[in-house]
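Read through the structure below, which is laid out as C-alpha cells, and then see the notes.
This structure is a prediction, so every number in the text was calculated from the model and none was measured. Letters A, B, ... are given to chains in the order of the sequence lines, protein chains preceding strands, and every chain is numbered from 1.
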There are 2 protein chains.
Amino acid sequence: MRYADTILEIIASSHSHMTAEQIFFALKQQYPSVVLATVYNNLNSLYAQEKIRKISVAGYPDRYDKNTRHDHLVCRRCGSLLDIHLSDLTQELERQTGFAIEGYDLKIRCLCPQCRAKEQAAHQAYESQDL
Amino acid sequence: MRYADTILEIIASSHSHMTAEQIFFALKQQYPSVVLATVYNNLNSLYAQEKIRKISVAGYPDRYDKNTRHDHLVCRRCGSLLDIHLSDLTQELERQTGFAIEGYDLKIRCLCPQCRAKEQAAHQAYESQDL
DNA sequence: ATTGGAATTAGAATAATTCTAAATTTGGTG
DNA sequence: CACCAAATTTAGAATTATTCTAATTCCAAT
C-alpha cells in the first residue's frame, strides 16, 4: 500500500467528496505512473480498515470521505454532498432497537442552493407561460 | 407503464428487498415476454414518482422497497437489509440543521444473526489454533 | 381503419468496479 | 550485497449493473 498515505491525505484535505477517479487524477500529479486499479485496491483496503468512509448514493459513483463521525446532506437533484455535524444518535438508536449497533449512516435529502435556484427558475418559466 | 402496478405489488408483498433482477424474474412469472430494461424503466419511473424507495449500499446492486417511512438495518458483512420502525427524526433534524428538509435515509450498521454466527466460528477457530 | 403518442423490446453501449496474471518492489536473511 | 518470498502494483480483460437507442408494438382517440 505504497500510496495509502497519500490517498488518505488527498481525502483528508479535500473539501469535496471525491470519486475513485478524481482521487486517481489527484494521485497522478505526484505519481504519474499510477493506475486506476491501484486506487481501487487502496481505497478498498483503507475502507476495510475503516480508515475512510464510502458513500453510495443511487445514480452516482461511490465517493470517499474521512472517517470522522458526521452526517451528510445530499442534494436530491444533483447528488452533491455536504458534511453536517449533528449530535450522535448511537445511544438513542441502541435504546430504540434494543441492541448494540456498530454505527449508522444518515443522509438528509435536500436541495442545494444552486438546484433550488434552478428549480425556481423552471417553476417561474412554467407559471408565466401562455396557457 | 403497463407493468407498474404489478411491480408495485411485487415490491409491496415481498418481505425481502429485491433487486431489479429479482423483480424481473418475479414479473416474468406473469408476463414471460417482459424484458429487464422494462423493469428498469418502470422502477425509475416509480422512483421518480416517489412510489418506491431505492436503497443503495456500496458493493451491492440497488434494491427497492415500499415507500413507507421506516429505517434499515444493514448487515456490514453480507449486506442484507431489515426494516426497522424508529421514531421520525424529521423534526429533530430540522431543528438541528435549521432548514426544511425533504426527508432522510437512516441505515444502521450491524451484523445479522447468520453473520454473527459465522464471525464467532471464525474467531473461535483462530483462538484455538496452535501458535 | 388510421394515426399519434407512449411504452416496450432487443440489444448495443456505457460506466464503475473487480479480477487475473505478470511484473515490480520491498523487506528480511545468509 | 545478493537472494528469496511475500506483498503490491500494473495492464488490461472481464464482469456487473444500468442506461441508451432505435425499431416495434400497443392503445386510445379520431
Counting N and O atoms only, with roles assigned by atom type, does the side chain of A/Lys107 sit under 3.5 Å from a partner on the main chain of A/Ser56, one being a donor and the other an acceptor? yes
Distance-only, no hydrogens or angles: does the A/Gln96 side chain make a donor-acceptor pair with backbone N or O of B/Ser87 under 3.5 Å? yes
If we check side chain to side chain contact (heavy atoms under 4.5 Å, CB included) with A/Lys54, which of these qualifies: A/Leu46, A/Asp65, A/Leu43, A/Asn44? A/Asn44
Starting at atom CD of A/Gln22, determine the distance to atom P of C/dA15, rounded to an integer number of angstrom. 15 Å
Geometric class of the B/His17/B/His72 ring pair [parallel <30°, tilted 30-60°, perpendicular >60°]: perpendicular
According to a strict under-4.0 Å criterion, is B/Ser33 in side-chain N/O contact with OP1 or OP2 of C/dT8? no
Nearest whole angstrom, please: distance from the P of C/dT17 to the OH of A/Tyr47. 13 Å
Between B/Tyr3 and B/Thr38, is there a donor-acceptor pair closer than 3.5 Å when you use the side chain of the first and the backbone of the second? no
Nearest-neighbour nucleotide for the A/Thr38 side chain, D/dT9, D/dA11, C/dA10 considered: D/dT9
Using whole Å, report how far CD of B/Gln49 lies from C1' of C/dA7. 14 Å
Go through it in stages, so that I can follow the logic: the residues are B/Thr90 and B/Glu94, the test is side-chain hydrogen bond (donor to acceptor under 3.5 Å, both in side chains), and I'd like the CA-CA distance, side-chain angles, deciding distance and then a yes or no. CA-CA 6 Å; B/Thr90 308; B/Glu94 294 200 330; over 6 Å; no
Taking atom P of C/dT25 as reference, at what distance in whole Å does atom CG of A/Asn42 sit? 16 Å
Any donor-acceptor pair under 3.5 Å from B/Gln120 side chain to B/Ala117 backbone: no
When the distance from CG of B/Asn41 to C1' of D/dT19 is rounded to whole Å, what number comes out? 9 Å
In degrees rounded to 10°, what angle is found between the helical axes fit to the five outermost pairs at each end of the helix from C/dA1-D/dT30 to C/dG30-D/dC1? 10°
Got a donor-acceptor contact below 3.5 angstrom from the B/Gln29 side chain to the B/Ala26 backbone? no
C/dT17 P sits how many Å from A/Phe24 CZ, rounded? 14 Å
Check whether A/Arg69 reaches the backbone of A/His85 with its side chain - one donor and one acceptor, N or O, closer than 3.5 Å. no
Compare side-chain N and O positions of A/Tyr3 against OP1 and OP2 of D/dT10 and report whether any pair is under 4.0 Å apart. yes
Is there any protein nitrogen or oxygen under 3.5 Å from a nitrogen or oxygen in nucleotides 14-18 of chain D, and what are the pairs?
unit_1	atom_1	unit_2	atom_2	d
D/dT18	OP1	B/Asp62	N	3.3
D/dT18	OP1	B/Asp62	OD2	3.2
D/dT18	OP2	B/Tyr40	OH	2.5
D/dT18	O5'	B/Tyr40	OH	3.4

